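Remarks on the structure that follows.
In each ligand, atom 1 is the first atom listed, and ligand 1 is the first ligand listed. Predicted, not measured: the structure shown is a model, and the values here were computed from it.
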Amino acid sequence: MQDPIIVRVPILPFRIVNAHLVCTDAGVLAVDAGLPDSLDRFSRALDRVDKTLRDIRCIVVTHAHVDHAGGAQALHAASGAPIVAHASERAYLRGEAPMQFCCTGCVGRLFYRTPLVHQCYAAVEPDVEIAAGGALDLRPFGFAGVVRHAGGHTCGSLSVELASGDALVGDLLASGIGIGPPFEDDPARVATEIDRIVAGGGRRFHLGHGGPVGAPEACRHADRLRHVVPSMPRPQRMAQVLRGAE
Ligand SMILES: [Zn+2]
Ligand SMILES: [Zn+2]
């Protein structure tokens with residue numbers, strides 16, 4: 001299989017929020033779906049590589065936070081492609097449980113006070129679920145790589161790890177700007193997963209925020225994370241991910 005072209009989809013400017021497209025002759029793999037109302041951004045990004053929404057073969061939702069899953073139902077409806085997610089994120093994607101954010105520091109607590117992370121989004125029904133510690137071979141979809149459970153940011157976070165050395169990791173890894181990710185369930189677990197991806201040949205990390213970064217920077221970040229102690233926001237301020245966008 002040829003090496004893929006990785007296309008960043010700018011969901012918000014200045015790399016504040018990214019989704020990605022893995023493009024090969026076999027079609028397109030979408031990694032994350034962005035905020036609600038991001039469909040035009042996908043169409044424009046696909047147009048740059050002479051593809052359309054109908055070329056999408058699979059949509060991997062790395063986790064249920066609104067900036068990654070908010071546009072998933074619309075992308076699924078427009079492309080007809082199946083949605084892959086982790087079983088632990090199912091209740092959040094369906095809007096059956098409130099999404100939780102575990103802040104790692106002042107940046108996380110600041111983000112948590114903004115309306116952005118509390119947006120509702122259209123309920124998403126995963127077509128393919130990955131179990132705890134599980135993986136999905138992407139070759140049947142035409143892509144050399146796997147989707148692997150890489151928890152730590154949320155319990156059921158996923159990463160897409162390609163034979164080309166590209167790792168599309170959602171929020172597993174921060175933006176490379178040195179402030180750490182705003183939300184982590186388990187920073188030590190994140191560090192372990194980053195080390196695992198590098199040991200498995202990951203050379204370029206494509207991020208939901210900022211990036212991309214190379215393996216050395218990813219490893220430095222993993223070292224920093226081992227010293228992070230997460231703090232949970234007050235329960236009454238938990239985001240409600242409700243079925244059906246208003
Ligand atoms: Zn997140
Ligand atoms: Zn995010």
Side-chain angles (χ1 to χ4, degrees), residues 8-21 30-38 41-42 59-72 75 83-86 88-93 95 97-105 107-121 124 126 130 147-160 167-177 179-187 189-191 193-194 197 205-213 218 221 225 228 230-233 237-241:
R8 188 177 65 87
V9 183
I11 303 298
L12 290 178
F14 310 116
R15 298 179 182 262
I16 292 172
V17 179
N18 308 315
H20 292 89
L21 303 168
V31 182
D32 284 327
L35 291 159
D37 302 320
S38 295
R41 297 179 186 280
F42 280 87
I59 302 164
V60 176
V61 177
T62 60
H63 62 294
H65 285 161
V66 63
D67 47 326
H68 302 260
L75 195 58
I83 289 178
V84 177
H86 192 278
S88 295
E89 305 282 305
R90 182 199 311 134
Y92 307 125
L93 293 167
M99 193 71 214
Q100 298 188 357
F101 297 89
C102 199
C103 303
T104 53
V107 175
R109 287 188 284 276
L110 192 65
F111 279 5
Y112 195 78
R113 293 191 185 99
T114 70
L116 178 69
V117 298
H118 303 290
Q119 282 187 64
C120 300
Y121 62 83
V124 180
I130 293 181
V147 184
R148 199 178 298 281
H149 183 198
H153 174 66
T154 62
C155 178
S157 286
L158 300 176
S159 62
V160 174
L168 300 99
V169 298
D171 284 355
L172 183 70
L173 182 52
S175 63
I177 54 177
I179 58 173
F183 308 107
E184 303 282 11
D185 276 3
D186 184 347
R189 169 90 188 273
V190 170
E193 294 293 347
I194 291 170
I197 292 171
F205 287 72
H206 303 271
L207 315 181
H209 310 279
V213 300
H221 181 72
L225 278 181
V228 170
S231 65
M232 185 71 77
R237 299 181 64 195
M238 291 296 178
Q240 299 290 320
V241 180

- Considering only heavy atoms from C-beta outward, does the side chain of His65 approach that of Thr154 to under 4.5 Å? yes
- Query: Looking from the Zn ion (ligand 2), what is the angle between OD2 on Asp171 and NE2 on His209, to the nearest 10°?
  - Reply: 110°
- Message: Need the atom name: nearest N/O/S atom of His65 to the Zn ion (ligand 1).
- Response: ND1
- Item | His153: its N/O/S atom lying closest to the Zn ion (ligand 1) (atom name) | NE2
- Note on the structure: On a heavy-atom basis, the closest approach of Ser159 and Ile197 is OG-CD1, 4.0 Å
- Message: So, of the N/O/S atoms that Asp67 has, which is the nearest one to the Zn ion (ligand 2)?
- Response: OD2
- Item | Minimum heavy-atom distance between Pro36 and Tyr121, given as atom pair plus value | CG-CB, 3.9 Å
- Grab the two heavy atoms, one from Asp171 and one from Gly208, that are nearest each other, plus how far apart they are. OD1-CA, 4.0 Å
- Measure across Leu158 and His149 and return the closest heavy-atom pair with its distance rounded to 0.1 Å. CD2-CA, 3.9 Å
- Kindly confirm whether the Zn ion (ligand 1) is within less than 2.8 Å of some N/O/S atom in His68? no
